[in-house]
Asks: 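Pasting a structure below so you can have a look.
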Number of protein chains: 2
Amino acid sequence: MSRALSAPEKVSGDTRAKVSEAVEATGYTINQAARSLRMREARTILVAIPNMGNPFYSTIMDAVVGEAAERGYGVLVANRLGNDPTQWLRDYFSSNRADGLLLFDASLELGHLPEPPRQRGALPLVLSCDEIIDGGFNLVTTDNRAAAERATRHLIELGHTRIGQIGGRQVHQFPNERTLGFQDAMRKAGLTTRPDWYFPGDHTMACGIRAADSYLALEDRPTALFCANDESMIGFLSRSRAHGIECPRDISLIGFDDISIAENYWPPLTTMRQPRHELGRVATATLLDILDGTTRPNQGLHVILPSQLIIRGSTAACSSHRKAVGQ
Amino acid sequence: MSRALSAPEKVSGDTRAKVSEAVEATGYTINQAARSLRMREARTILVAIPNMGNPFYSTIMDAVVGEAAERGYGVLVANRLGNDPTQWLRDYFSSNRADGLLLFDASLELGHLPEPPRQRGALPLVLSCDEIIDGGFNLVTTDNRAAAERATRHLIELGHTRIGQIGGRQVHQFPNERTLGFQDAMRKAGLTTRPDWYFPGDHTMACGIRAADSYLALEDRPTALFCANDESMIGFLSRSRAHGIECPRDISLIGFDDISIAENYWPPLTTMRQPRHELGRVATATLLDILDGTTRPNQGLHVILPSQLIIRGSTAACSSHRKAVGQ
DNA sequence: TTGAAAGCGCTAACAA
DNA sequence: TTGTTAGCGCTTTCAA
């Protein structure tokens with residue numbers, strides 16, 4: 001019976017017919033619990049996402065579920081309960097509920113992972129996030145650093161020289177990839193980054209609002225801002241507009257992600273589009289390849305997906321530059 | 001051993017100590033597959049969501065996962081593959097991968113459900129959506145109809161009499177709850193709804209854009225619009241502004257949901273806030289109560305959560321009314 | 001090509 | 001209070 005279902009070619013047409021007839025008649029469906037027990041695999045992956053309320057991650061999630069379903073895997077969702085990942089990860093993982101782990105949250109202390117996933121490289125764990133991770137893990141990310149440099153260059157090409165930044169989350173005190181890319185571009189252009197033009201952030205609209213308040217209090221203001229993501233940019237836009245600042249007349253802003261409202265905001269957001277769907281799909285495919293034995297990496301493999309500059313209405317030529325060029 | 005873990009009170013302190021010592025020493029964790037097989041329950045629920053990319057649903061999802069985890073349940077995510085729900089529902093459900101189903105998508109043909117969930121009422125199925133469902137199913141929804149009436153009344157109280165509508169998805173050709181509420185308010189105020197002021201929609205920004213195009217082509221325009229949700233409202237706002245329409249000077253707009261950008265859009269959105277987190281939490285709790293046997297409904301139970309009117313900047317007194325009142 | 005049987009790790013029932 | 005055992009539904013091995 002099992003044979004007829006899983007390896008039909010090893011069974012006579014006669015028996016096969018009889019089996020499928022019986023399946024029809026009784027409405028048989030396989031019992032996954034029994035199968036998992038016997039096969040020692042759950043055909044399920046666990047996805048840990050920092051903040052599912054964030055539309056950025058929900059799109060990724062959509063792709064993850066789609067790709068997994070296509071390959072016969074279920075998707076379990078975990079959100080963080082408490083601060084000790086060991087607790088809930090163990091709860092799913094070492095209890096045979098999931099075969100692999102898809103981690104979209106670099107802020108997890110990876111050192112704290114329970115035994116199985118801790119052994120790096122050859123392990124059913126794929127990380128997908130914006131941060132630098134010390135080697136050995138399988139990584140699927142976008143080209144954050146290069147993309148941030150490209151974004152900043154866009155501002156520079158527009159004639160801006162007084163450029164500030166709304167920062168993103170920093171893990172372990174290191175500047176993140178996007179900040180690094182920003183600094184690359186500034187350095188290459190011979191521009192200086194000013195500490196009073198750096199507004200710390202955490203990818204929320206709230207931090208954009210705080211950034212706007214700091215900006216408004218400045219004597220000497222930048223003419224452009226590189227924002228860690230679209231939401232912090234929207235927070236900034238919203239608060240600064242309420243105080244009479246008009247974008248892009250008074251300040252040029254570039255964001256990151258290209259979230260769905262980006263093109264219907266006012267002004268429409270100039271931003272670096274992140275291939276979110278692709279990110280989720282590829283991360284899942286990578287994990288599943290490892291589980292299926294297709295890929296057996298002996299060290300961490302790193303897939304990098306390209307971002308794309310989307311120019312809309314929130315950036316414009318710097319007014320002093322405009323004058324200089326005679327516009 | 002099993003006893004010491006699941007019913008510690010029925011075991012002597014001595015044995016209990018020995019067992020927990022052994023657990024420590026060997027790093028034992030329970031095998032869920034074996035447990036599921038034996039207990040005939042997966043301690044997992046399946047969540048079907050129409051569009052996870054939509055921030056409205058991702059917040060709900062967050063609440064679902066939190067509540068389920070708290071009660072020791074895992075959450076499997078399904079997205080729709082193809083149009084036959086039987087196929088993938090069966091795949092999870094009757095195969096013992098999930099004990100119950102949380103459905104956030106009324107557009108599923110419920111008649112097509114596989115056997116177990118089809119028997120209504122006493123079944124491990126909880127529906128949570130905006131639509132009217134013919135009785136018998138367990139339902140957790142917001143007070144859509146009353147909320148839509150309240151929203152429309154807000155417009156009317158502002159002096160608007162020429163009110164149009166951007167519609168939402170309609171299932172089975174029936175007007176949905178929000179449309180019904182809108183009509184209630186109009187009727188009670190003795191106002192007429194005009195077919196050329198009804199713009200069909202599907203809760204996307206794209207449909208808001210189409211609505212704006214239709215609106216712009218109108219000879220005789222409404223002074224206010226009741227929008228099925230915030231995203232369609234944002235689409236309308238974006239397109240109409242590009243054509244010189246200013247909100248709320250030229251038109252008042254009220255939305256539905258209070259998505260996170262709502263207060264940082266320009267103008268800030270007046271909207272009916274939906275208790276999304278609560279919706280997810282209560283729907284999950286209801287399903288889990290059924291699974292645990294706490295609730296054993298013999299017919300469908302219906303939990304209704306209240307919405308809340310959030311007045312911001314997208315609605316204003318009707319200009320003709322303003323004149324009349326001498327403002 | 002097919003049938004029979006062992007055993008995955010757990011819980012519950014029964015004996016001791 | 002504790003030890004023993006059957007059996008959940010599946011896959012796989014071994015025999016026929």
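A note on names: the letters A, B, ... follow the listed sequences, proteins ahead of strands, and every chain is numbered from 1.
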Asks: Going by number, which of residues 10-23 of chain B have a non-hydrogen atom under 4.0 Å from DNA chain C?
Replies: none
Asks: Among Leu125(B), Val126(B), Thr286(B), which one satisfies side-chain contact (heavy atoms from CB on, under 4.5 Å) with Leu102(B)?
Replies: Val126(B)
Asks: Are Thr15(B) and Arg3(B) close enough that a side-chain donor and a side-chain acceptor fall under 3.5 Å?
Replies: no
Asks: Are the side chain of Asn138(A) and the backbone of Leu287(A) linked by a donor-acceptor contact shorter than 3.5 Å?
Replies: no
Asks: Looking at Tyr57(A), is its backbone amide N or carbonyl O close enough to the side chain of Thr59(A) to form a donor-acceptor pair, meaning the two atoms are under 3.5 Å apart?
Replies: no
Asks: Rounded to whole Å, how long is the line connecting atom CG of Asn31(A) with atom C1' of dG7(D)?
Replies: 13 Å
Asks: Which of residues 35-44 of chain B sit near DNA chain C, with a heavy atom under 4.0 Å from it?
Replies: Arg35(B), Arg38(B), Met39(B)
Asks: Run the salt bridge (charged side-chain N to carboxylate O under 4.0 Å, His left out) test against Asp143(A) and tell me which residues pass, sequence neighbours left out.
Replies: none
Asks: Whether the side chain of Thr142(B) engages the backbone of Leu305(B) through a donor-acceptor N/O pair (distance < 3.5 Å, no angle test) should be reported.
Replies: no
Asks: Specify the closest pair of heavy atoms between Leu279(A) and Ser128(A), including all atoms of both residues, with the distance to one decimal.
Replies: CG-OG, 3.7 Å
Asks: To the nearest Å, give me how far apart CZ (Arg3(A)) and P (dC10(D)) are.
Replies: 15 Å
Asks: Are the side chain of Asp292(B) and the backbone of Thr294(B) linked by a donor-acceptor contact shorter than 3.5 Å?
Replies: no
Asks: Over how many whole Å does the gap from Ile30(B) atom CD1 to dC8(C) atom P extend?
Replies: 17 Å
